[in-house]
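This report refers to the structure that appears directly beneath it.
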Amino acid sequence: MFLTRSARLYRQSPNLLPLSSRALGVQAHTYATSSDAASLLEYGGNVTKGLGRVTEGIMTSGKGSYVEYHDGRKMLDFTCGIGVTNLGHCHPKVSKAAADQCMNIVHAQCSIAFHEPYLRLVQKLLPIMPHASLDSFFLWNSGSEAVEGAIKMARTITKRQNIICMQGAYHGRTFGAMAVTKSKTIYSQGVAPLMPGVFSIPFPFWHQLGGTPDLAESEQVKQCLYQLDILLAQQTAPTDTAAIILEPVLGEGGYVPAPTAFLEGLRAVCDKHGILLIVDEVQSGFARTGKFFSIEYSGVRPDILIMAKGLANGFPLSAVVSRKEITDKLVPGSMGGTYAGNAVSCAAACAVVDAMHEEKILENVNARSEELFSALKDIKTAHPEHILDVRGRGLMVAVEFATPSGPGAAHDAVAARAGAPAQMASRVAKKCIERGMIILTTSVYEVVRFIPPLNISGPDLKKGADIFREAVEEVIREG
C-alpha cells in the first residue's frame, strides 16, 4: 500500500488514536448508545416522507448476521440492507481495509488521476468475470447510476435510441433507470414523462402469462420470445434498438430466475440484430446466487454487466463492465462522476473479493441454500393452501402466498382458489420482526424474500427459518 507522508506521520504519532476498524466501532457504539438517543428520534420528523422504513428506532451497530438498535433490541438480519452486506455487517477485513484507506487518500477524483484501489479492484475483478470478453471497467456509486451509465453506453455505441426491458424489472429510481423499471408504479407515479424509447416484454414468470406455477418453463420461454419477435416487428425496429436489459433473477418482480433457454434466446436475437445485451446483476451478483454472477448458470455472454450492492459490502460502489472493443468507441470525458469509484469504497471492495475466496463463501452459499430451500419447502408442504411457491437461487429466495388479492385477481386462475389470508406477506414479515428477525416483502404479489448474509452459519439460518415458520403459523391462525 502506498502511504502519503501525512498518513505515515499520523500512524507514528503516540498522541493520536490509531484509526482502525476497532476504534471506529467503539466510537460509533459510544455515540449510538448515548442518553439522547430517544430525543434524537424526534429529528426523524425532518426526514423526507418519501422514505419508508420497515422498523422503528435507530439502528446503532451491526456484527455479522445481527444488528442492534438504540433500545437494546438485537435483530437477526435477513435483509443485508437489501442485498448489500453480503459478508455480514462490519466484516473485519472489509472494515479495516476501508479504515486504512481513509488514512491514505479518501477522494482521488477519477477524471484527475488513477488511484491504487481502483486499479487493484480491476485486477481482482478480471478473473471472476462471467465471460473473458468483459475487460473494460467503469466504477460509479450506485446500482441506479450504473444502469444510467449502461444505457448511455449502449445508445452511444450503437447510435440507436430504444431500450427493451422486462415486465416486473427493477433497475432504480433515477430517470433512465426508472423508465426501465416495471415492478411497481410507485417508483415513477406522478413524474412522467419518463425517458422515451422504452419498450417491455413479459419475463418468463407464470404470473405475467396468466398461468399457474405448473406452467411448463418451455412454454413460458416460447411465449416471451414470441412477444419479443412481435415487439421488434411492430413497435421498435431492430435498427432502432440499442439494448435489451434484464436481471438474470427478477428482483422486485418476485425473485424469479430467468430460464437458460430464455437468456440464450435473447442472446441470439441480440447477435442477429447488433443489439447489446445488458445484464443487471446489482442484486443477484457477487455470490448471492451461489456463483459470482447468476448469468454464469446459463453460460450466456453479456455485452454489458452491471454490479453494485454486495460489491463493497456497504460502501457505495457500482460497476459497469463491458469489452474494450465496445468502450474504446467512447469519447474521453463522456463518462465520469464526482465520487465515481471512490478510493475508500474500492479498498473495501478489494477486501470483499479477497474474503470471498479466502472464506469459501460460494461453498457456504450453496450449503445454506439447500438448508433454506428444504426448510421452506417443508413449510409449504405443511400449508399447501396458503403457500403457492418457493423459488429463487442460492441465498436469493422467495416464498409466495396464495392470497385472493393482487393485480389481475379477477382473471387469475390461482387467485380464484387461493386459501391464504389477505396481505399475508406483509403480516408475516411484521410477525418476523416482532420475533427478532428483519425480513422484507417484494413485488406486487404476496411475496416474502430471504436475503441473509452469504457467510451465515447453519444455526442462524435455522433460527431464521424457524422464526418464519412460527410467523406463518400465527398469521394462519389469526385468519
Please give me the minimum heavy-atom distance between Leu276 and Ala154, naming the atom from each residue. CD1-CA, 3.8 Å

List the atom of Pro453, the atom of Ser65, and the distance in Å for their closest heavy-atom pair. CG-OG, 3.6 Å

If you look only at pairs with a residue in residues 286-306, which of them pass as a salt bridge (charged side-chain N to carboxylate O under 4.0 Å, His left out), with sequence neighbours excluded? Arg267-Asp303, Asp271-Arg301, Arg301-Asp303, Asp303-Arg323

Does the side chain of Ser183 come within less than 4.5 Å of Thr442's, by heavy atoms? no

Less than 3.5 Å apart, any donor N or O on the side chain of Gln227 or Gln223 sitting next to an acceptor on the other? no

If you take all heavy atoms of Ile456 and Arg368, which pair is closest and at what distance? O-CD, 3.4 Å

In this structure, CZ of Phe78 is separated from NZ of Lys463 (nearest 0.5 Å) by 9.5 Å

Walk me through whether Val447 and Tyr255 qualify under side chain to side chain contact (heavy atoms under 4.5 Å, CB included). CA-CA 9 Å; Val447 180; Tyr255 274 36; 5.6 Å; no

Hey, does Cys346 have a side-chain heavy atom less than 4.5 Å from the side chain of His115? yes

Judged by atom type as modelled, is there a donor-acceptor pair below 3.5 Å linking the side chain of His273 to the main-chain atoms of Ile275? no

Glu252 and Arg449: CA distance, side-chain angles, deciding distance, salt bridge (charged side-chain N to carboxylate O under 4.0 Å, His left out) verdict: CA-CA 10 Å; Glu252 279 279 312; Arg449 54 176 157 172; 2.9 Å; yes

Donor-acceptor under 3.5 Å (Gln101 side chain, Ile105 main chain): yes

Is the number of heavy atoms from other residues, nucleotides or ligands within 6.0 Å of CD1 (Ile186) greater than 12? no

Can any side-chain N or O of Thr85 pair as donor or acceptor with the backbone N or O of Leu87 at less than 3.5 Å? no

Check: Asn313 side chain, Gly88 main-chain N or O, donor-acceptor pair, under 3.5 Å: yes

Any heavy-atom pair between the side chains of Leu376 and Phe468 that's under 4.5 Å? yes

Taking the side chain as everything from C-beta on, heavy atoms only, tell me whether Leu330 gets closer than 4.5 Å to Phe138. no

Measure the CD-OG1 distance between Gln235 and Thr241 for me, rounded to the nearest 0.5 Å. 10.5 Å

Ile439 versus Ile433: any side-chain heavy-atom pair under 4.5 Å? no

Please check: side-chain N/O of Gln283 versus main-chain N/O of Lys309, any donor-acceptor pairing under 3.5 Å? no

Do Glu446 side-chain atoms and Phe401 backbone N/O form a donor-acceptor pair below 3.5 Å? no

Return each pair, listed once, that meets side-chain hydrogen bond (donor to acceptor under 3.5 Å, both in side chains) where at least one residue sits in residues 330-350; pairs must be two or more places apart or across chains. none

Atom pair CG (Leu139) and CD (Glu145), whose distance is rounded to the nearest 0.5 Å: 12.0 Å

Which heavy-atom pair separates Ala287 from Met356 by the least distance, and what is that distance? CB-SD, 3.8 Å

Listed once per pair and sorted, the side-chain hydrogen bond (donor to acceptor under 3.5 Å, both in side chains) pairs that draw on residues 152-164, sequence neighbours left out: Asn162-Thr236

Let me know which of Arg391, Met166, Gln167 forms a side chain to side chain contact (heavy atoms under 4.5 Å, CB included) with Phe205. Arg391

Less than 4.5 Å apart, side chain to side chain, heavy atoms only: is that true for Leu454 and Leu362? no

What is the minimum heavy-atom distance between Ala146 and Ala319, and which atoms define it? CB-O, 4.1 Å

So does Thr260 get a backbone contact from the side chain of Ser298, meaning a donor-acceptor N/O pair under 3.5 Å? no

Ile306 and His171: side chain to side chain contact (heavy atoms under 4.5 Å, CB included), yes or no, with the steps? CA-CA 10 Å; Ile306 303 168; His171 297 290; 6.0 Å; no

Can a donor-acceptor pair be found, under 3.5 Å and without considering hydrogens, that links the side chain of Glu247 to the backbone of Ser284? no

For Tyr187 and Tyr170, I'd like to know if the aromatic rings sit close, meaning centre-to-centre distance below 6.0 Å. yes

Measuring from atom CG of Leu461 to atom CG of Asn364, what distance do you get when rounded to the nearest 0.5 angstrom? 9.0 Å

Distance-only polar pair, side chains of Ser374 and Glu371, donor-acceptor under 3.5 Å: no

Within a 6.0 Å radius of atom CD on Glu219, are there more than 12 heavy atoms belonging to other residues, nucleotides or ligands? yes

Kindly indicate whether the side chain of Pro302, heavy atoms from C-beta on, has any atom under 4.5 Å from the side chain of Leu277. no

Say you draw a straight line from OG1 of Thr327 to CD1 of Ile157; how long is it, rounded to the nearest 0.5 Å? 6.5 Å

Is Leu311 close to Val352 at the side-chain level, that is, under 4.5 Å between some pair of heavy atoms? no

When you look at Glu358 and Lys93, which way does the salt bridge (charged side-chain N to carboxylate O under 4.0 Å, His left out) test go after all the steps? CA-CA 11 Å; Glu358 294 166 4; Lys93 186 181 186 73; 3.6 Å; yes

When you look at Lys380 and Val399, which way does the side chain to side chain contact (heavy atoms under 4.5 Å, CB included) test go after all the steps? CA-CA 9 Å; Lys380 181 179 184 293; Val399 171; over 6 Å; no

Interatomic spacing from CD1 in Ile245 to OG in Ser200 - rounded to 0.5 Å: 13.0 Å

Between the main-chain N or O of Thr60 and the side-chain N or O of Glu68, is there a donor-acceptor pair closer than 3.5 Å? no

Main-chain N/O of Phe203 paired with Gln208 side-chain donor or acceptor, under 3.5 Å: yes

Which heavy atom in Leu317 sits nearest to a heavy atom in Gly341, and how many Å separate them? CD1-CA, 3.9 Å

Could you tell me whether Lys184 atom NZ has more than 12 heavy atoms of other residues or ligands within 6.0 Å of it? yes

Should Tyr445 and Leu388 be marked as a side chain to side chain contact (heavy atoms under 4.5 Å, CB included) after you check the CA-CA gap, both sets of side-chain angles, and the distance that decides it? CA-CA 11 Å; Tyr445 301 104; Leu388 189 60; over 6 Å; no

